[in-house]
2 protein chains.
Amino acid sequence: MAPTLDTVFAALADPTRRAILSLLLEDDMAVTDVAEPFEMSLAAISKHLGILSRAGLISQERRGRVVWCKLEPGALREASVWMQGFGQFEAVNLDAFEKFLEIEFAQFPGRSAPQE
Amino acid sequence: MAPTLDTVFAALADPTRRAILSLLLEDDMAVTDVAEPFEMSLAAISKHLGILSRAGLISQERRGRVVWCKLEPGALREASVWMQGFGQFEAVNLDAFEKFLEIEFAQFPGRSAPQE
DNA sequence: AGGATCGTCAACCGTACGGTTGAATATGCG
DNA sequence: CGCATATTCAACCGTACGGTTGACGATCCT
């Protein structure tokens, strides 16, 4: 399944996957480290990473035992272009963005917003 | 279900629903008119409109027999803000947007891109 | 080699999705 | 009133999703 608007938006429609993307905004991470803040099984996180990967939102590279996950923000461009056609949004409001990240992460135990 | 990033992205993850939004970019429309370009049943379109409505992407107002559907582009703002945090996208490229609309609409019979 | 760690695969479960059809509910019109 | 139009509701079907558990294949370390 090639990355399409379908797969990108579907991938973004899950709070766990959005939280994973926020994590990867900090830094590249191994699958195990991505899974650490979440209360679900490693296998579940692995599935989520597969969905993000097939959507083109992250890339995964195996080095030894460890699979490194890297954010690929470029995949959001098509989706962003599509959305922006529906309204004139003001320039990026980073305060609003950080607030969103905090809200998104409030539900996950053991950590606050990822950017600190 | 209040409009959230979950519901907005999930609503956008379906090509029929994106095509409906593109239709409504032209003008407000009755449910029957929204359904006309599509090959599926009216009930299916009604369901899609319900999903778009609950996501806050459209509003529906009954006037007499007719339910008028209106694009509510403001609901995309939160989602747009969220996405833009992941990359610096250039200003809106309207050419690219029109190209997307054409691709999106190529699959539906009896009409070309909605903006003409 | 042997054991621990990293990650995925496979099978399963419950629920939701996208679609259908047919009946039901309004509303408008002659 | 009585019929046509507009829209939704309800029940159903097949498939996919989000999660689990347990087994499996790699890789590193001693």
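Just so it is clear, the values below take in all heavy atoms, side chains as well, and ignore hydrogens, waters and symmetry mates.
- Look at CD1 on B:Ile51: it is 15 Å from C1' on D:dC9, rounded to the nearest Å.
- Here A:Val66 sits in one hydrophobic cluster together with A:Trp68; the rule is ILVMFWY side chains under 4.5 Å apart, joined directly or through other members.
- Contact between A:Thr7 and A:Ala55 at its shortest, heavy atoms only, is O-CB, 3.6 Å.
- Here the C1' atom of nucleotide D:dC9 and the CD1 atom of B:Ile45 are 17 Å apart, to the nearest Å.
- Note: CD1 (A:Ile20) to C1' (D:dG18) measures 12 Å, nearest angstrom.
- Here C:dT15 presents its C1' atom at 16 Å from CG of B:Asp6, a figure rounded to the nearest Å.
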All N/O donor-acceptor pairs, side-chain side in residues 42-53 of chain B, below 3.5 Å, sequence neighbours left out:
residue, atom, partner, partner atom, Å
B:His48, ND1, B:Arg17, NH1, 3.1

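- Comparing A:Arg17 and B:Leu49, the nucleotide of DNA chain D nearest to each residue sits closer to the 5' end for B:Leu49.
- The two residues B:Gly56 and B:Ala75 come nearest to each other via the heavy atoms O-CB, 3.0 Å.
- Atom P of nucleotide C:dG18 and atom CG of B:Leu12 are separated by 12 Å, given to the nearest angstrom.
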Under 3.5 Å, which N/O atoms of the protein pair with N/O atoms of nucleotides 19-22 of chain C?
residue, atom, partner, partner atom, Å
C:dG19, OP2, B:His48, NE2, 2.2
C:dG19, N7, B:Lys47, NZ, 3.1
C:dG19, O6, B:Lys47, NZ, 2.3
C:dT20, OP2, B:Ser41, N, 2.9
C:dT20, OP2, B:Ser41, OG, 2.8

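- Here B:Ala13 pairs with A:Phe9, A:Ala10 under the side-chain contact (heavy atoms from CB on, under 4.5 Å) rule; sequence neighbours left out.
- Between A:Glu72 and A:Leu57, every side-chain heavy-atom pair lies at or beyond the 4.5 Å cut-off.
- Between A:Ser46 and C:dG7 there is no side-chain N or O to OP1 or OP2 distance below 4.0 Å.
- Between A:Arg18 and A:Leu12 the shortest heavy-atom distance is NH1-O, 2.8 Å.
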Sub-3.5 Å pairs of nitrogen or oxygen atoms, protein against nucleotides 24-30 of chain D:
residue, atom, partner, partner atom, Å
D:dT27, O3', A:Arg65, N, 3.4

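- Counting only heavy atoms from C-beta outward, the side chains of A:Glu61 and A:Asp28 never approach each other to under 4.5 Å.
- Going from atom CZ of A:Phe38 over to atom C1' of C:dG7 covers 17 Å, rounded to whole Å.
- Residue B:Phe9 contributes atom CZ, which lies 18 Å from atom P of D:dC17 at whole-angstrom precision.
- For B:Arg18 and C:dG18, the CZ to P distance is 12 Å, given to the nearest whole Å.
- Among residues two or more places apart in sequence or in another chain, the side chain to side chain donor-acceptor pair (under 3.5 Å) test is passed with B:Ser41 by none.
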